[in-house]
Amino acid sequence: MYHFNFTPVFENFDLLLYGAWLTIRLSFAAMILGLIVSVLGAAARTSHSKVLHAIVGAYVEIIRNTPFLVQIFFLYFGLPAIGISLDPNVAALIALVINVGAYGTEITRAGIESVPHGQIEAGRALGLGPIQIFRYVILKPALRNVYPAMTSQFIYLMLTSSVVSTISANDLASIGADLNAKTFASFEIYLVVTGIYLVLSLLFSGLFKLIQNAVFNYPASR
Amino acid sequence: MIRQFGPSDILFIIEAVRWTLLLSAIAFIGGAIGGLFVALARSSGSKALRRISAGFIRIFQGTPLLMQLFLFYFGLTVLNLPINPLLAAAIALTFHASAYLGEIWRGSIEAVPSGQTEAATALSLSYRDRMQHVVLPQAARIAVAPTVGFLVQLIKGTSLTSIIGFTELTRAGQIVNNATFDPFVVFGLVAAIYFIICWPLSLYARRLEGRMRLAFTR
């Protein structure tokens with residue numbers, strides 16, 4: 001009979017909470033930088049330059065069709081071989097930004113393309129300037145269109161970020177791994193760590209829904 | 001002793017692909033069976049079934065696959081079973097795939113116009129006949145593209161089983177890297193093999209999606 005031993009978990013609960021904070025911080029940093037990459041990527045994807053189009057297309061396809069674990073190994077172990085050495089935390093952040101940027105590029109591009117051209121023409125007919133058209137006619141509806149996909153991408157990013165513990169970057173999963181190495185209460189530790197991830201994802205999806213209801217509450221176009 | 005990266009290493013890595021494919025196949029078939037039950041429960045008339053399946057989906061979609069693998073791996077010891085990475089990986093990935101496919105297929109079932117269900121009920125078809133002959137065949141057409149898309153995610157997900165010590169493609173790469181210390185080439189090769197497996201599937205999913213969009217635009 002297996003004897004459950006949750007004492008090491010409760011004794012170190014403050015450490016686990018600190019780990020949760022590290023994961024939140026890492027995910028937000030990766031998402032914000034990833035959004036910048038996404039917007040630039042989508043702009044390149046919708047531009048008329050064939051070269052830019054091809055480069056960004058290759059980036060998106062390569063990242064989306066290889067595992068994140070291999071990407072982070074390549075970045076962390078592979079780059080020092082050609083003279084670029086990275087701190088694990090920096091490597092983790094860069095890997096996450098590159099990864100989420102590829103998915104975000106596709107989401108943003110779909111959002112921009114989803115604004116009907118007639119709407120832009122209508123804006124022009126009403127005498128709006130290019131900046132006003134971009135802000136009110138393209139950006140806001142496009143944002144509303146991409147918002148649900150982007151927020152679920154954020155949650156997926158937060159879950160994926162647990163993989164950075166494999167290169168011993170600092171996050172919730174790596175703190176769990178340290179505790180496991182010290183106390184060997186493996187199942188109990190990972191059960192609680194998994195529970196914390198669940199709480200984080202439920203919290204963020206609730207929060208994103210509240211924001212969605214508050215900001216994009218005007219009637220949808222048909 | 002560090003040796004040169006050579007043809008035998010390439011062969012070792014390529015041979016490990018079968019374990020990645022086998023594990024993906026087990027998880028996909030197991031996940032398809034589990035996912036069908038989850039999807040039917042999610043869209044059933046019973047409130048209890050709907051709640052339980054929603055909770056199941058939420059747990060597996062709201063936690064990292066890596067943690068799920070650890071839990072099933074260490075869970076075997078809790079049940080006094082010998083530690084077995086393949087078994088733990090297969091079970092964890094099957095549950096994981098059941099949740100994702102269940103949610104995808106629920107959406108597909110609900111996308112079938114409700115008039116179809118009503119007509120079938122009016123013809124006094126039983127639940128089984130209604131699902132088997134009316135709703136599911138139509139839902140299946142809608143489901144193909146996102147299902148293939150999820151298969152890509154699942155194949156990439158099998159790479160995480162290397163962390164619990166299952167020797168598939170990524171773990172084979174790590175082993176070769178530890179002996180040759182040529183990570184740039186080794187992980188480049190591993191990434192290229194994943195790409196060769198996943199890219200055609202992604203392209204196929206996108207083509208299906210485009211065709212579906214055409215079918216539904218009037």
Side-chain angles (χ1 to χ4, degrees), chain A residues 1-4 23 60-82 84 106 152 155-156 158-166 171-173 176-177 180 184-205, chain B residues 20 58-81 83 149 152-153 155-163 168-171 173-174 177-178 181-203 206:
Chain A
M1 202 35 214
Y2 186 87
H3 288 284
F4 285 98
T23 284
V60 169
E61 293 300 322
I62 289 171
I63 296 301
R64 298 212 309 173
N65 289 295
T66 53
F68 178 67
L69 182 63
V70 177
Q71 292 164 14
I72 202 169
F73 279 170
F74 186 79
L75 208 71
Y76 184 64
F77 297 118
L79 287 190
I82 55 165
I84 308 167
E106 281 304 281
S152 43
I155 290 174
Y156 196 70
M158 192 178 68
L159 301 179
T160 307
S161 77
S162 63
V163 175
V164 306
S165 61
T166 54
D171 81 322
L172 176 55
N180 179 33
F184 301 108
S186 315
F187 186 76
E188 294 85 338
I189 288 168
Y190 283 113
L191 191 66
V192 174
V193 168
T194 307
I196 297 176
Y197 274 110
L198 182 63
V199 170
L200 289 182
S201 54
L202 292 180
L203 248 145
F204 279 111
S205 69
Chain B
T20 290
R58 203 165 264 186
I59 288 173
F60 280 91
Q61 288 196 336
T63 57
L65 175 59
L66 180 60
M67 295 301 116
Q68 294 163 19
L69 284 165
F70 278 143
L71 275 184
F72 281 99
Y73 181 71
F74 293 117
L76 290 179
T77 17
V78 171
L79 297 172
N80 270 328
L81 292 167
I83 280 193
V152 173
Q153 194 187 322
I155 294 171
K156 291 188 293 173
T158 60
S159 69
L160 294 181
T161 63
S162 63
I163 300 170
E168 39 62 77
L169 179 51
T170 304
R171 183 93 191 95
Q174 277 178 295
N177 180 47
N178 288 343
F181 212 72
D182 202 349
F184 197 78
V185 176
V186 173
F187 291 120
L189 174 67
V190 169
I193 295 173
Y194 276 109
F195 186 79
I196 291 168
I197 301 170
C198 295
W199 197 44
L201 288 170
S202 295
L203 289 180
R206 202 169 316 148

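We name chains A, B, ... by the order of the sequence lines, and we start the count at 1 in each one. In this text the structure is predicted, and so the values were computed from the model without any measurement.
Contact of T158(B) with chain A is not made at all, since no heavy-atom distance falls under 4.5 Å. For Q153(B), the part lying near chain A is the side chain, with the backbone staying farther off; criterion is any non-hydrogen pair under 4.5 Å. Residue S162(A) touches chain B through both its backbone and its side chain, counting heavy-atom pairs closer than 4.5 Å. Heavy atoms of Y76(A) lying under 4.5 Å from chain B are absent altogether. Residue F204(A): no heavy atom, backbone or side chain, is found under 4.5 Å from chain B. Looking at I59(B), both its backbone and its side chain come within 4.5 Å of chain A, counting heavy atoms on both sides. With a 4.5 angstrom heavy-atom cutoff, V152(B) touches chain A only via side-chain atoms. With a threshold of 4.5 angstrom between heavy atoms, A173(A) approaches chain B through its backbone and through its side chain. At a 4.5 Å heavy-atom cutoff, the contact between T170(B) and chain A is made by side-chain atoms alone. Heavy-atom distances place both the backbone and the side chain of I62(A) under 4.5 Å from chain B. Looking at S161(A), there are no atoms closer than 4.5 Å to chain B (heavy atoms on both sides), in backbone or side chain. For chain B, the nearby parts of L198(A) are the backbone and the side chain; heavy atoms of each come within less than 4.5 Å.
Side-chain contact between F4(A) and V78(B) is present, with at least one heavy-atom pair separated by less than 4.5 Å. In this structure the side chain of P67(A) never reaches within 4.5 angstrom of the side chain of L169(B), judged on heavy atoms. Proximity of P64(B) to T160(A): side-chain heavy atoms (C-beta onward) are nowhere separated by under 4.5 Å. Annotation: side chain of M67(B) is in contact with side chain of V193(A) (closest heavy-atom distance under 4.5 Å). At a threshold of 4.5 Å between non-hydrogen side-chain atoms, the residues N65(A) and Y194(B) do not count as touching. Using a 4.5 Å heavy-atom cutoff, the side chains of L71(B) and T194(A) are in contact.
Judged as a salt bridge (Lys or Arg N to Asp or Glu O under 4.0 Å), and not counting sequence neighbours, the contacts of R206(B) are E61(A).
Remark: aromatic rings of Y190(A) and F70(B) are close, center separation under 6.0 Å.
Below 30°, between 30° and 60°, or above 60°: for F187(B) and F73(A) the angle between ring planes is between 30° and 60°, a tilted geometry.
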